[in-house]
Amino acid sequence: MSEPIRFYYRGAVHEVRDAAPTQTVLQHLREDLRCTGTKEGCAEGDCGACTVVLGSVVDGKLELKAVNSCIQLTPTLDGKALFTVEDLQQADGALHPVQQALVECHGSQCGFCTPGFAMSLWGLYLKKEGQCASRKEIDDCLSGNLCRCTGYRPIIDAAQRMVELPKVAFDAARVAEQLEALKRGSLAVYSAHGQTFLAPRTLDELIQLRAANPAAVLLAGSTDVGLWITKQMRELGDIIYLGHVDALKVLREADGMMEIGAGVSLEDAYNALCRHYPDELGELRQRFASLPIRNAGTLGGNVANGSPIGDSMPWLIALGAQVVLCGAAGERVLALEDFYLDYMKKDLQQGEFVQAVRVPLPRADVRFRTYKLAKRFDQDISAVCAAFAFRMDGDAIAEARIAFGGMAATPKRAAQAEALLNGRVWSAAALADAMAALARDYAPLSDMRASSEYRMKTAQNLLRRFWLETRSDAPLAADAVNAFAVSA
């Protein structure tokens, strides 16, 4: 039996009964609710004009995250709170400090994208609780919002100004109470327009549903599946939503590994990993998509998708990560590199799904780096993503692990270059031989992002950069090899 979608909106519980399961949140806002403050720009999660803030209860407290409403599906709102730019206006009609700051700092020109900026800044305003954010926090907050007329300087000024204005309180406890009352204890089923949206709550429910519906689309953060709908116009059929399965949201450490459940957001996963690999993964975390995309997408989804240009896979493979697969037949654990068989083809048996990823934690004898090359710093798809993890025995390489994205049909290790390095001193001669071997390991394609010649040359030069940073004799500091590094 179909149940309505229930979520907290504009101070009350809102119910939806007849929306298509693939209707986006943006479509519901603009077409059904006639709340047109939220804009549609790209319809693919890039421009940020459609930014809204979603609230969920985590460990008894309200957690707020800015996301792109253009690729989130309406049924995923069940049990959550939805906040849009219309929520910022005060009861007496006054502007919220975020809006007032944008006015005072001239942070809007054409105004089309301003509601999205306001919602991103509102999320930061609540997170900082009246404290001034650092420039890095502001830049990260705005990484998913594009402005082509005003430019970012006055908007950044507004981010600093908003906390100087009279504070406006937000009753998070009241919203959390409302959401607690909306919680469902078991599987929720929503059917409309010939499609069914299934939302299990437990791992057992998910296993049974997947076994019974092997052709159903598995939906986590919708950062990829959303584009199947808005750009490819695909008919998805039935959908199994993973976002309410708490067993997929585990983050734990044991036996030198961090296990990250397939439902853990990219933002939470990278933040946890950066506590162990701050220098090695810090820049990649910042440059991975944008904050709204990282808030919605999951590391498990990134791995399950298996795109050859996905930024997570090269460094996961270089570190020797494992993928945990689950199904009615039980659990399987594979080395991540063995999971990818061919372009977009994975070693997944019928009824199986990705349950977790296990990532090795730092070891004193491993030198690890990852690098991303793209046409712009923020929110861009890699032309080449490289990762190197060398286990050292003194000055010699006991085991070299080299992996690239963007160089082949799958994220792929450089087997010949690794073989030439194993057992050798990490020297200029060893580097030269390995750089030459990369041309035998890969035959990259030319496309809109880069030519094959560019990809090969930069892949070789990234290996050289890794040597410059990790050689035993006078390794170079970050500010000597990275244009974006901040000098001490």
Side-chain angles (χ1 to χ4, degrees), residues 203 206-207 210 218 220-221 242 245 247-266 268-277 280-281 284-285 288 297-308 310-342 344-370 385-391 398-405 408 410-415 418 422:
L203 191 61
L206 174 56
I207 292 170
R210 191 56 173 160
L218 293 180
L242 311 180
V245 182
L248 297 182
K249 298 179 182 179
V250 297
L251 257 173
R252 58 186 170 218
E253 298 175 19
D255 302 322
M257 305 278 274
M258 177 181 288
E259 182 166 308
I260 302 170
V264 175
S265 72
L266 286 161
D268 290 344
Y270 270 89
N271 284 344
L273 287 160
C274 283
R275 287 194 284 271
H276 294 281
Y277 294 107
E280 297 87 348
L281 290 177
L284 184 67
R285 173 217 160 272
F288 192 113
T298 65
L299 183 62
N302 200 217
V303 166
N305 180 40
S307 169
D311 288 340
S312 297
M313 280 67 78
W315 65 263
L316 285 169
I317 289 172
L319 283 178
Q322 301 171 339
V323 59
V324 182
L325 308 176
C326 185
E331 182 180 291
R332 283 197 302 147
V333 180
L334 292 178
L336 182 58
E337 62 205 81
D338 297 333
F339 182 57
Y340 303 113
L341 304 178
D342 203 343
M344 303 303 284
K345 184 178 179 182
K346 281 84 65 177
D347 183 4
L348 267 177
Q349 298 174 5
Q350 182 168 298
E352 279 189 329
F353 54 87
V354 174
Q355 179 181 345
V357 181
R358 293 174 181 164
V359 184
L361 295 174
R363 291 175 43 175
D365 59 347
V366 174
R367 300 176 188 176
F368 168 54
R369 296 289 191 282
T370 185
C385 189
F388 311 101
F390 287 11
R391 183 167 58 84
E399 180 188 18
R401 294 181 66 93
I402 299 171
F404 283 93
T410 66
K412 182 185 172 187
R413 286 178 67 180
E418 290 176 355
N422 288 336

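None of these values were measured; they are calculated from a predicted model.
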Ile207 CD1 to Phe353 CZ distance, which is reported to the nearest 0.5 Å
5.0 Å
Could you list the residues that satisfy side-chain hydrogen bond (donor to acceptor under 3.5 Å, both in side chains) with Glu280, not counting sequence neighbours?
none
Asn271 and Arg285, any side-chain heavy atoms less than 4.5 Å apart
yes
Taking all non-hydrogen atoms of both residues into account, name the closest pair between Pro411 and Gly306 and its distance.
CD-O, 4.3 Å
Contact summary for Val357 and Ala321, nearest pair of heavy atoms:
CG1-CB, 4.5 Å
Which word best sums up how the rings of Tyr270 and Trp315 line up, parallel for under 30°, tilted for 30 to 60°, or perpendicular for over 60°?
perpendicular
Going from CG on Asp268 to NZ on Lys249, what distance comes out if it is rounded to the nearest 0.5 angstrom?
10.0 Å
Less than 4.5 Å apart, side chain to side chain, heavy atoms only: is that true for Lys346 and Tyr340?
yes
Considering all heavy atoms, the nearest Ala403-Pro314 contact
CB-O, 3.3 Å
Using the side-chain hydrogen bond (donor to acceptor under 3.5 Å, both in side chains) rule, collect all pairs that involve residues 297-307, keeping only residues at least two apart or in two chains.
Asn302-Ser312
NZ/NE/NH1/NH2 to OD/OE distance under 4.0 Å, Glu253 and Arg275
no
Parallel, tilted or perpendicular, judged at 30° and 60°: which one describes the rings of Tyr277 and Phe368?
perpendicular
Candidate pair Arg358 and Val333, rule side chain to side chain contact (heavy atoms under 4.5 Å, CB included), full reasoning:
CA-CA 9 Å; Arg358 293 174 181 164; Val333 180; 3.7 Å; yes
Mind checking the CE-CG spacing from Met344 to Asp342? Nearest 0.5 Å is all I need.
11.5 Å
Rounding to 0.5 Å, atoms CG (Leu284) and SG (Cys274) come to a distance of 8.0 Å
For the residue pair Glu259 and Ala356, what are the closest heavy atoms and their distance?
CG-CB, 3.8 Å
Atom of Thr370, atom of Ala387 and distance for their closest heavy-atom approach
OG1-CB, 4.0 Å
Glu337 and side chain to side chain contact (heavy atoms under 4.5 Å, CB included): which partner among Arg401, Lys412, Met313?
Arg401
Arg367: side-chain hydrogen bond (donor to acceptor under 3.5 Å, both in side chains) partners, not counting sequence neighbours
none
Val354 and Ala262 have their tightest heavy-atom pair at O-CB, 3.2 Å
Contact between Arg210 and Leu218 at the side-chain level, heavy atoms closer than 4.5 Å - yes or no?
yes
Look up atom CD in Gln355 and atom CD1 in Ile260, then write down how far apart they are to the nearest 0.5 Å.
13.5 Å
Using modelled atom types and a 3.5 Å cut-off, is there a donor and acceptor pairing between side-chain atoms of Glu331 and backbone atoms of Val324?
no
Interatomic distance, Ile317 atom CD1 to Phe339 atom CZ [nearest 0.5 angstrom]
11.0 Å
Side chain to side chain contact (heavy atoms under 4.5 Å, CB included) between Leu316 and Val359, intermediate numbers included
CA-CA 7 Å; Leu316 285 169; Val359 184; 3.6 Å; yes
Check whether any side-chain heavy atom of Arg332 sits under 4.5 Å from a side-chain heavy atom of Asp347, and report yes or no.
yes
